[in-house]
Amino acid sequence: MDELLLRRAQRGDPEAFEQLIGPLEQLVWRVCWHYTGNREAAEDCGQEAMVRIWRSLESYRGDCALESWVYRIAANCCMDFLRKKKRDRSVSMEPLREQGFDPADPTPGTEEQVVAKDDRQRLRETIAALPEDQREALILTQLEKVPYEEAARALGVSEGTVKSRVNRAKARLKEILSEIGELSPPGNVKRDERRSRS
Amino acid sequence: MSKEEMKTVTADPELDALLSEMAEEVPPMPADFHDKWMSAVREDAANKAPVKEETPDRTGTIVRWTRILSVAAVFVFLIGGTLLYRSSKKTLSSAVMMTESRKTDAAENAALTAGAIMGAAEEEAMDAAVAGEAMEAAVMAESMEAAEEEAAWEAAEEAEAVYDSFLPAAGDAAVNSEPALFAAYEAAASVKGADDTAERKASAAEKAPATEAPVPAATAAPTAAPTEVPTAAPTEVPAEAETGSFFADMGDFLSETWPYLLILAVPAVTASFLRRRKK
(Lines give C-alpha, C1' and ligand atoms only; values in the text may rest on other atoms or scores of the structure.)
Protein backbone atom coordinates (compact mmCIF):
# COMPACT_ATOMS: atom_id res chain seq x y z
CA MET A 1 0.00 0.00 0.00
CA ASP A 2 1.38 3.35 -1.01
CA GLU A 3 1.77 5.44 2.12
CA LEU A 4 1.80 8.67 0.19
CA LEU A 5 -1.40 7.72 -1.62
CA LEU A 6 -3.06 6.84 1.68
CA ARG A 7 -2.05 10.18 3.20
CA ARG A 8 -3.38 12.07 0.23
CA ALA A 9 -6.67 10.16 0.38
CA GLN A 10 -6.93 10.79 4.12
CA ARG A 11 -6.44 14.49 3.52
CA GLY A 12 -9.50 14.47 1.23
CA ASP A 13 -8.17 13.87 -2.26
CA PRO A 14 -10.93 12.00 -4.20
CA GLU A 15 -8.56 10.94 -6.94
CA ALA A 16 -6.18 9.41 -4.44
CA PHE A 17 -9.12 7.67 -2.78
CA GLU A 18 -10.18 6.23 -6.12
CA GLN A 19 -6.68 4.86 -6.74
CA LEU A 20 -6.49 3.44 -3.22
CA ILE A 21 -9.95 1.93 -2.69
CA GLY A 22 -10.97 1.40 -6.31
CA PRO A 23 -9.39 -2.07 -6.46
CA LEU A 24 -11.41 -3.06 -3.36
CA GLU A 25 -14.84 -2.17 -4.70
CA GLN A 26 -15.28 -5.76 -5.90
CA LEU A 27 -14.72 -6.95 -2.35
CA VAL A 28 -17.33 -4.50 -1.10
CA TRP A 29 -19.79 -5.69 -3.73
CA ARG A 30 -19.28 -9.34 -2.83
CA VAL A 31 -19.68 -8.70 0.90
CA CYS A 32 -22.87 -6.74 0.34
CA TRP A 33 -24.20 -9.46 -1.92
CA HIS A 34 -23.47 -12.22 0.60
CA TYR A 35 -25.09 -10.25 3.40
CA THR A 36 -28.18 -9.14 1.58
CA GLY A 37 -28.67 -11.83 -1.07
CA ASN A 38 -30.42 -9.20 -3.12
CA ARG A 39 -28.91 -7.30 -6.05
CA GLU A 40 -30.66 -4.04 -5.32
CA ALA A 41 -29.95 -4.23 -1.63
CA ALA A 42 -26.34 -5.11 -2.34
CA GLU A 43 -25.99 -2.09 -4.63
CA ASP A 44 -27.49 0.26 -2.07
CA CYS A 45 -25.34 -1.20 0.67
CA GLY A 46 -22.30 -1.01 -1.58
CA GLN A 47 -22.78 2.67 -2.36
CA GLU A 48 -23.36 3.46 1.29
CA ALA A 49 -20.32 1.42 2.27
CA MET A 50 -18.00 3.23 -0.18
CA VAL A 51 -19.10 6.66 1.06
CA ARG A 52 -18.70 5.50 4.64
CA ILE A 53 -15.20 4.23 3.83
CA TRP A 54 -14.33 7.62 2.31
CA ARG A 55 -15.49 9.45 5.43
CA SER A 56 -13.83 7.02 7.85
CA LEU A 57 -10.51 6.71 6.02
CA GLU A 58 -8.91 9.32 8.27
CA SER A 59 -9.35 6.97 11.23
CA TYR A 60 -7.44 4.15 9.57
CA ARG A 61 -4.14 3.75 11.42
CA GLY A 62 -2.70 0.82 9.53
CA ASP A 63 -2.94 -1.61 12.45
CA CYS A 64 -4.65 -4.15 10.17
CA ALA A 65 -4.80 -4.82 6.46
CA LEU A 66 -6.76 -2.33 4.43
CA GLU A 67 -8.89 -5.12 3.02
CA SER A 68 -9.91 -6.24 6.52
CA TRP A 69 -10.71 -2.70 7.49
CA VAL A 70 -12.81 -2.18 4.36
CA TYR A 71 -14.64 -5.47 4.95
CA ARG A 72 -15.42 -4.38 8.52
CA ILE A 73 -17.01 -1.17 7.36
CA ALA A 74 -18.92 -2.87 4.54
CA ALA A 75 -20.27 -5.57 6.90
CA ASN A 76 -21.39 -2.99 9.46
CA CYS A 77 -23.02 -1.01 6.72
CA CYS A 78 -24.90 -4.08 5.48
CA MET A 79 -26.10 -5.00 8.95
CA ASP A 80 -27.28 -1.47 9.54
CA PHE A 81 -29.07 -1.59 6.22
CA LEU A 82 -30.77 -4.86 7.04
CA ARG A 83 -31.86 -3.68 10.47
CA LYS A 84 -33.25 -0.54 9.03
CA LYS A 85 -35.03 -2.39 6.28
CA LYS A 86 -36.53 -4.86 8.71
CA ARG A 87 -37.68 -2.07 10.95
CA ASP A 88 -39.19 -0.16 8.07
CA ARG A 89 -40.96 -3.18 6.75
CA SER A 90 -42.50 -4.06 10.07
CA VAL A 91 -43.61 -0.45 10.60
CA SER A 92 -45.12 -0.16 7.17
CA MET A 93 -47.01 -3.41 7.49
CA GLU A 94 -48.49 -2.64 10.89
CA PRO A 95 -51.69 -1.04 9.64
CA LEU A 96 -52.30 -4.01 7.33
CA ARG A 97 -51.80 -6.46 10.13
CA GLU A 98 -54.36 -4.58 12.21
CA GLN A 99 -56.78 -5.11 9.39
CA GLY A 100 -56.10 -8.79 9.46
CA PHE A 101 -53.67 -8.93 6.62
CA ASP A 102 -50.93 -11.30 7.41
CA PRO A 103 -48.45 -11.19 4.57
CA ALA A 104 -45.72 -13.69 4.38
CA ASP A 105 -42.70 -12.48 6.22
CA PRO A 106 -40.19 -11.58 3.46
CA THR A 107 -37.23 -11.66 5.81
CA PRO A 108 -35.29 -14.84 5.51
CA GLY A 109 -35.02 -17.23 8.34
CA THR A 110 -38.40 -18.76 8.67
CA GLU A 111 -38.63 -22.34 7.79
CA GLU A 112 -41.59 -21.93 5.47
CA GLN A 113 -39.87 -19.30 3.37
CA VAL A 114 -36.77 -21.42 2.96
CA VAL A 115 -38.70 -24.41 1.71
CA ALA A 116 -40.34 -22.49 -1.13
CA LYS A 117 -37.21 -21.13 -2.71
CA ASP A 118 -34.15 -22.18 -4.65
CA ASP A 119 -31.38 -24.11 -2.93
CA ARG A 120 -28.85 -21.33 -3.10
CA GLN A 121 -31.38 -18.79 -2.14
CA ARG A 122 -32.43 -20.91 0.75
CA LEU A 123 -28.89 -21.27 1.90
CA ARG A 124 -28.34 -17.57 1.50
CA GLU A 125 -31.38 -16.74 3.48
CA THR A 126 -30.47 -19.27 6.12
CA ILE A 127 -27.15 -17.59 6.47
CA ALA A 128 -28.93 -14.28 6.78
CA ALA A 129 -31.01 -15.76 9.60
CA LEU A 130 -27.95 -16.61 11.64
CA PRO A 131 -26.87 -14.44 14.57
CA GLU A 132 -24.79 -11.52 13.44
CA ASP A 133 -21.48 -12.68 14.88
CA GLN A 134 -21.83 -16.17 13.40
CA ARG A 135 -22.98 -14.78 10.08
CA GLU A 136 -20.11 -12.41 9.58
CA ALA A 137 -17.58 -15.05 10.67
CA LEU A 138 -19.06 -17.54 8.23
CA ILE A 139 -19.24 -15.11 5.30
CA LEU A 140 -15.72 -13.83 5.88
CA THR A 141 -14.04 -17.22 6.16
CA GLN A 142 -16.21 -19.57 4.08
CA LEU A 143 -17.47 -17.28 1.33
CA GLU A 144 -14.72 -14.67 1.04
CA LYS A 145 -11.99 -17.19 1.88
CA VAL A 146 -10.21 -14.83 4.24
CA PRO A 147 -7.64 -16.57 6.47
CA TYR A 148 -8.77 -17.06 10.06
CA GLU A 149 -5.96 -14.87 11.38
CA GLU A 150 -6.89 -11.97 9.17
CA ALA A 151 -10.59 -12.50 9.87
CA ALA A 152 -9.85 -12.31 13.58
CA ARG A 153 -8.11 -8.97 13.09
CA ALA A 154 -10.98 -7.65 11.00
CA LEU A 155 -13.59 -8.69 13.54
CA GLY A 156 -11.54 -7.65 16.53
CA VAL A 157 -11.61 -11.07 18.20
CA SER A 158 -9.24 -13.96 18.61
CA GLU A 159 -8.71 -16.61 16.00
CA GLY A 160 -10.21 -19.25 18.28
CA THR A 161 -13.35 -17.18 18.65
CA VAL A 162 -13.68 -16.90 14.88
CA LYS A 163 -13.34 -20.67 14.50
CA SER A 164 -15.85 -21.28 17.22
CA ARG A 165 -18.38 -18.98 15.60
CA VAL A 166 -17.85 -20.64 12.23
CA ASN A 167 -18.41 -24.07 13.78
CA ARG A 168 -21.61 -22.96 15.40
CA ALA A 169 -22.80 -21.29 12.22
CA LYS A 170 -22.17 -24.40 10.19
CA ALA A 171 -23.89 -26.55 12.78
CA ARG A 172 -26.89 -24.27 12.72
CA LEU A 173 -26.95 -24.23 8.92
CA LYS A 174 -26.76 -27.95 8.77
CA GLU A 175 -29.55 -28.30 11.25
CA ILE A 176 -31.85 -25.96 9.41
CA LEU A 177 -31.09 -27.23 5.95
CA SER A 178 -31.40 -30.82 6.99
CA GLU A 179 -34.80 -30.11 8.43
CA ILE A 180 -36.00 -28.78 5.15
CA GLY A 181 -34.35 -31.55 3.22
CA GLU A 182 -31.57 -29.64 1.60
CA LEU A 183 -28.89 -31.44 3.49
CA SER A 184 -28.53 -34.89 4.88
CA PRO A 185 -29.41 -34.87 8.52
CA PRO A 186 -26.78 -35.79 11.01
CA GLY A 187 -26.79 -39.46 10.18
CA ASN A 188 -26.72 -41.71 7.16
CA VAL A 189 -29.89 -40.66 5.35
CA LYS A 190 -28.95 -39.12 2.05
CA ARG A 191 -30.40 -35.97 0.65
CA ASP A 192 -32.27 -37.43 -2.31
CA GLU A 193 -33.93 -40.01 -0.12
CA ARG A 194 -35.28 -37.35 2.18
CA ARG A 195 -36.65 -35.41 -0.77
CA SER A 196 -38.36 -38.43 -2.10
CA ARG A 197 -39.84 -39.11 1.32
CA SER A 198 -41.13 -35.54 1.68
CA MET B 1 -17.42 -22.25 23.67
CA SER B 2 -15.45 -25.42 23.90
CA LYS B 3 -11.79 -25.71 23.32
CA GLU B 4 -12.35 -28.11 20.48
CA GLU B 5 -14.56 -25.62 18.68
CA MET B 6 -11.86 -23.00 19.00
CA LYS B 7 -9.09 -25.17 17.62
CA THR B 8 -10.47 -26.46 14.36
CA VAL B 9 -13.40 -25.90 12.10
CA THR B 10 -15.65 -28.87 11.57
CA ALA B 11 -15.52 -30.10 8.02
CA ASP B 12 -18.81 -30.97 6.45
CA PRO B 13 -18.39 -31.95 2.80
CA GLU B 14 -21.94 -31.23 1.75
CA LEU B 15 -22.20 -27.94 3.48
CA ASP B 16 -18.75 -26.91 2.42
CA ALA B 17 -19.56 -27.72 -1.18
CA LEU B 18 -22.71 -25.63 -0.98
CA LEU B 19 -20.82 -22.77 0.57
CA SER B 20 -18.17 -22.95 -2.14
CA GLU B 21 -20.79 -22.82 -4.82
CA MET B 22 -22.37 -19.87 -3.12
CA ALA B 23 -19.03 -18.09 -2.97
CA GLU B 24 -18.56 -18.44 -6.73
CA GLU B 25 -22.08 -17.47 -7.62
CA VAL B 26 -21.76 -13.76 -7.18
CA PRO B 27 -23.54 -11.65 -9.74
CA PRO B 28 -21.39 -9.17 -11.64
CA MET B 29 -21.04 -5.75 -10.21
CA PRO B 30 -23.35 -3.16 -11.80
CA ALA B 31 -21.66 -1.18 -14.56
CA ASP B 32 -22.40 2.16 -12.94
CA PHE B 33 -21.42 1.02 -9.44
CA HIS B 34 -17.99 2.70 -9.68
CA ASP B 35 -19.27 5.95 -11.15
CA LYS B 36 -22.01 6.24 -8.56
CA TRP B 37 -19.81 6.00 -5.53
CA MET B 38 -17.09 8.20 -7.07
CA SER B 39 -19.60 10.97 -7.73
CA ALA B 40 -20.85 10.62 -4.17
CA VAL B 41 -17.30 10.88 -2.89
CA ARG B 42 -16.51 13.96 -5.00
CA GLU B 43 -19.68 15.63 -3.84
CA ASP B 44 -18.84 14.89 -0.27
CA ALA B 45 -15.30 16.21 -0.74
CA ALA B 46 -16.63 19.43 -2.27
CA ASN B 47 -18.94 19.91 0.69
CA LYS B 48 -16.14 19.38 3.18
CA ALA B 49 -14.14 22.21 4.75
CA PRO B 50 -11.18 23.38 2.67
CA VAL B 51 -7.94 21.54 3.24
CA LYS B 52 -5.41 23.31 5.41
CA GLU B 53 -2.51 25.05 3.74
CA GLU B 54 0.05 23.02 5.64
CA THR B 55 0.27 19.93 3.47
CA PRO B 56 2.05 16.85 4.73
CA ASP B 57 4.68 17.33 2.06
CA ARG B 58 5.42 20.80 3.31
CA THR B 59 5.27 19.63 6.88
CA GLY B 60 7.60 16.84 5.94
CA THR B 61 9.94 19.34 4.29
CA ILE B 62 9.91 21.57 7.33
CA VAL B 63 10.48 18.64 9.63
CA ARG B 64 13.27 17.36 7.41
CA TRP B 65 15.05 20.73 7.33
CA THR B 66 14.55 21.14 11.05
CA ARG B 67 16.26 17.83 11.61
CA ILE B 68 19.08 18.69 9.22
CA LEU B 69 19.69 22.02 10.95
CA SER B 70 19.54 20.38 14.35
CA VAL B 71 22.14 17.83 13.35
CA ALA B 72 24.29 20.58 11.82
CA ALA B 73 24.02 22.61 15.03
CA VAL B 74 25.14 19.64 17.05
CA PHE B 75 28.17 19.17 14.81
CA VAL B 76 29.01 22.88 14.94
CA PHE B 77 28.79 22.77 18.72
CA LEU B 78 30.95 19.67 19.04
CA ILE B 79 33.62 20.51 16.50
CA GLY B 80 33.70 24.26 17.10
CA GLY B 81 33.67 23.83 20.83
CA THR B 82 36.45 21.28 20.68
CA LEU B 83 38.58 23.55 18.47
CA LEU B 84 38.06 26.48 20.82
CA TYR B 85 38.84 24.24 23.76
CA ARG B 86 42.08 23.10 22.13
CA SER B 87 43.02 26.69 21.31
CA SER B 88 42.44 27.83 24.87
CA LYS B 89 44.36 24.85 26.13
CA LYS B 90 47.36 25.77 24.00
CA THR B 91 47.17 29.41 25.08
CA LEU B 92 47.03 28.43 28.72
CA SER B 93 49.92 26.04 28.32
CA SER B 94 51.94 28.69 26.51
CA ALA B 95 51.24 31.23 29.24
CA VAL B 96 52.32 28.80 31.89
CA MET B 97 55.44 27.94 29.99
CA MET B 98 56.14 31.60 29.34
CA THR B 99 55.97 32.30 33.04
CA GLU B 100 58.24 29.39 33.73
CA SER B 101 60.69 30.53 31.08
CA ARG B 102 60.73 34.03 32.49
CA LYS B 103 61.50 32.70 35.90
CA THR B 104 64.30 30.68 34.40
CA ASP B 105 65.58 33.69 32.51
CA ALA B 106 65.61 35.78 35.65
CA ALA B 107 67.49 33.15 37.50
CA GLU B 108 69.86 32.75 34.65
CA ASN B 109 70.33 36.46 34.39
CA ALA B 110 71.09 36.65 38.06
CA ALA B 111 73.48 33.80 37.71
CA LEU B 112 75.10 35.40 34.73
CA THR B 113 75.35 38.69 36.55
CA ALA B 114 77.01 37.03 39.42
CA GLY B 115 79.19 35.21 37.03
CA ALA B 116 80.10 38.42 35.31
CA ILE B 117 80.92 39.98 38.58
CA MET B 118 82.99 37.00 39.48
CA GLY B 119 84.66 37.18 36.12
CA ALA B 120 85.52 40.80 36.59
CA ALA B 121 86.94 40.05 39.94
CA GLU B 122 88.93 37.25 38.52
CA GLU B 123 90.27 39.48 35.81
CA GLU B 124 91.36 41.97 38.32
CA ALA B 125 93.04 39.27 40.27
CA MET B 126 94.71 38.06 37.17
CA ASP B 127 95.84 41.54 36.33
CA ALA B 128 97.16 41.87 39.74
CA ALA B 129 98.89 38.58 39.46
CA VAL B 130 100.41 39.60 36.17
CA ALA B 131 101.50 42.84 37.68
CA GLY B 132 102.97 40.97 40.56
CA GLU B 133 104.81 38.67 38.26
CA ALA B 134 106.13 41.60 36.36
CA MET B 135 107.40 43.11 39.53
CA GLU B 136 108.83 39.81 40.50
CA ALA B 137 110.57 39.56 37.20
CA ALA B 138 111.93 43.00 37.64
CA VAL B 139 113.13 42.13 41.08
CA MET B 140 114.63 38.98 39.74
CA ALA B 141 116.37 40.92 37.03
CA GLU B 142 117.79 43.30 39.56
CA SER B 143 118.90 40.46 41.73
CA MET B 144 120.49 38.81 38.76
CA GLU B 145 122.32 41.97 37.91
CA ALA B 146 123.44 42.26 41.46
CA ALA B 147 124.57 38.69 41.42
CA GLU B 148 126.39 39.25 38.24
CA GLU B 149 128.16 42.25 39.66
CA GLU B 150 129.07 40.36 42.70
CA ALA B 151 130.36 37.52 40.62
CA ALA B 152 132.34 39.91 38.53
CA TRP B 153 133.80 41.45 41.70
CA GLU B 154 134.71 38.07 42.97
CA ALA B 155 136.30 37.18 39.69
CA ALA B 156 138.25 40.30 39.83
CA GLU B 157 139.37 39.53 43.32
CA GLU B 158 140.43 36.06 42.34
CA ALA B 159 142.29 37.40 39.42
CA GLU B 160 144.00 39.79 41.69
CA ALA B 161 144.86 36.97 44.02
CA VAL B 162 146.32 34.97 41.18
CA TYR B 163 148.20 37.96 40.17
CA ASP B 164 149.45 38.31 43.64
CA SER B 165 150.47 34.66 43.64
CA PHE B 166 152.35 35.04 40.48
CA LEU B 167 153.89 38.15 41.68
CA PRO B 168 156.75 36.66 43.80
CA ALA B 169 157.64 34.01 41.23
CA ALA B 170 157.61 36.42 38.65
CA GLY B 171 159.17 38.96 40.79
CA ASP B 172 162.52 38.45 39.46
CA ALA B 173 161.37 37.62 36.04
CA ALA B 174 159.00 40.34 36.28
CA VAL B 175 161.67 42.71 36.48
CA ASN B 176 162.92 41.26 33.33
CA SER B 177 159.80 40.08 31.66
CA GLU B 178 157.15 41.95 33.50
CA PRO B 179 155.35 43.07 30.49
CA ALA B 180 155.02 39.51 29.01
CA LEU B 181 154.23 37.93 32.27
CA PHE B 182 151.80 40.62 33.07
CA ALA B 183 150.16 40.09 29.75
CA ALA B 184 149.88 36.35 30.38
CA TYR B 185 148.63 36.96 33.83
CA GLU B 186 146.00 39.31 32.49
CA ALA B 187 145.01 36.88 29.86
CA ALA B 188 144.69 34.07 32.36
CA ALA B 189 142.87 36.25 34.73
CA SER B 190 140.57 37.50 32.12
CA VAL B 191 139.85 34.05 30.93
CA LYS B 192 139.31 32.82 34.42
CA GLY B 193 137.22 35.77 35.29
CA ALA B 194 135.14 35.46 32.22
CA ASP B 195 134.56 31.84 32.90
CA ASP B 196 133.69 32.50 36.45
CA THR B 197 131.49 35.33 35.52
CA ALA B 198 129.59 33.25 33.03
CA GLU B 199 129.29 30.46 35.48
CA ARG B 200 128.04 32.71 38.18
CA LYS B 201 125.61 34.29 35.86
CA ALA B 202 124.14 30.96 35.04
CA SER B 203 123.99 29.85 38.61
CA ALA B 204 122.62 33.16 39.68
CA ALA B 205 119.88 32.91 37.14
CA GLU B 206 119.02 29.47 38.38
CA LYS B 207 119.22 30.14 42.02
CA ALA B 208 117.59 33.55 42.03
CA PRO B 209 114.76 33.00 44.43
CA ALA B 210 111.34 34.01 43.18
CA THR B 211 110.80 36.42 45.84
CA GLU B 212 107.14 37.12 46.05
CA ALA B 213 106.40 40.64 45.71
CA PRO B 214 103.44 41.73 47.53
CA VAL B 215 100.54 41.35 45.20
CA PRO B 216 97.67 43.66 45.74
CA ALA B 217 94.78 41.64 47.06
CA ALA B 218 92.05 41.07 44.56
CA THR B 219 88.95 41.98 46.30
CA ALA B 220 85.86 40.06 45.43
CA ALA B 221 83.67 43.01 45.74
CA PRO B 222 83.12 44.50 42.34
CA THR B 223 84.08 48.03 42.30
CA ALA B 224 82.02 48.78 39.27
CA ALA B 225 79.06 47.37 37.61
CA PRO B 226 79.78 44.77 35.04
CA THR B 227 80.26 46.31 31.70
CA GLU B 228 78.34 43.76 29.88
CA VAL B 229 76.12 41.28 31.49
CA PRO B 230 75.04 38.88 28.92
CA THR B 231 71.51 38.19 29.47
CA ALA B 232 70.15 34.84 28.79
CA ALA B 233 68.29 34.70 25.62
CA PRO B 234 64.73 34.41 26.41
CA THR B 235 63.70 30.91 26.29
CA GLU B 236 61.80 30.34 23.19
CA VAL B 237 58.29 29.45 23.88
CA PRO B 238 57.51 26.21 22.27
CA ALA B 239 55.62 26.69 19.14
CA GLU B 240 52.79 24.56 20.30
CA ALA B 241 51.90 22.95 23.50
CA GLU B 242 51.20 19.36 23.04
CA THR B 243 47.55 18.45 22.92
CA GLY B 244 45.95 15.14 22.77
CA SER B 245 44.02 13.72 19.89
CA PHE B 246 41.00 15.58 18.59
CA PHE B 247 38.49 13.12 19.97
CA ALA B 248 40.23 13.05 23.33
CA ASP B 249 39.94 16.82 23.48
CA MET B 250 36.31 16.52 22.43
CA GLY B 251 35.73 14.18 25.34
CA ASP B 252 37.41 16.64 27.70
CA PHE B 253 35.34 19.46 26.26
CA LEU B 254 32.10 17.55 26.76
CA SER B 255 33.08 16.51 30.25
CA GLU B 256 33.54 20.16 31.14
CA THR B 257 30.41 21.46 29.44
CA TRP B 258 27.84 18.76 30.27
CA PRO B 259 26.25 20.75 33.12
CA TYR B 260 25.48 23.59 30.73
CA LEU B 261 24.13 21.14 28.15
CA LEU B 262 21.86 19.69 30.81
CA ILE B 263 20.52 23.12 31.62
CA LEU B 264 19.76 23.72 27.93
CA ALA B 265 18.32 20.24 27.37
CA VAL B 266 15.70 20.36 30.14
CA PRO B 267 13.52 23.09 28.59
CA ALA B 268 13.94 21.61 25.11
CA VAL B 269 12.80 18.17 26.25
CA THR B 270 9.92 19.66 28.21
CA ALA B 271 8.76 21.66 25.20
CA SER B 272 8.93 18.61 22.97
CA PHE B 273 6.97 16.54 25.49
CA LEU B 274 4.27 19.18 25.80
CA ARG B 275 4.04 19.55 22.02
CA ARG B 276 3.57 15.83 21.53
CA ARG B 277 1.05 15.65 24.29
CA LYS B 278 -0.88 18.47 22.69
CA LYS B 279 -1.04 16.49 19.43
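Bear in mind that the values here come from a model prediction, so they are computed numbers and not experimental data. Computation of the quantities below employed the complete heavy-atom set of this structure, encompassing side-chain atoms and omitting hydrogens, waters and symmetry-equivalent molecules. Labels below follow one simple rule: chain letters A, B, ... track the order of the sequence lines, proteins then strands, and each chain is numbered from 1.
- Annotation: maximal heavy-atom pairing with chain B below 4.5 Å, among A:Met50, A:Glu48, A:Gln142, A:Arg55, occurs at A:Met50.
- With a 4.5 Å cut-off on non-hydrogen atoms, A:Ile127 touches chain B through its side chain but not through its backbone.
- Chain A is approached within less than 4.5 Å, heavy atom to heavy atom, by no residue from residues 253-271 of chain B.
- The interface of residues 19-37 of chain B with chain A, defined by heavy-atom distances below 4.5 Å, comprises B:Leu19, B:Ser20, B:Glu21, B:Met22, B:Ala23, B:Glu25, B:Val26, B:Pro27, B:Pro28, B:Met29, B:Pro30, B:Asp32, B:Phe33, B:His34, B:Lys36, B:Trp37.
- Between chain B and the residues A:Glu15, A:Lys145, A:Glu144, the largest count of heavy-atom pairs under 4.5 Å involves A:Glu15.
- Annotation: A:Gln19, atom CD; neighbour count of heavy atoms from other residues, nucleotides and ligands within 6.0 Å is above 12.
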Side-chain donor/acceptor pairs under 3.5 Å, residues 133-140 of chain A, sequence neighbours excluded:
residue, atom, partner, partner atom, Å
A:Arg135, NH1, A:Ala128, O, 2.5
A:Glu136, OE1, A:Arg72, NH2, 3.2

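- Contacts between residues 23-32 of chain A and chain B, defined by a heavy-atom separation under 4.5 Å, are made by A:Glu25, A:Gln26, A:Trp29, A:Arg30.
- With salt bridges taken as basic N to acidic carboxylate O contacts below 4.0 Å, none links B:Asp12 and A:Lys170.
- Of all heavy-atom pairs between A:Pro14 and B:Ala45, the closest is CG-CB, 3.7 Å.
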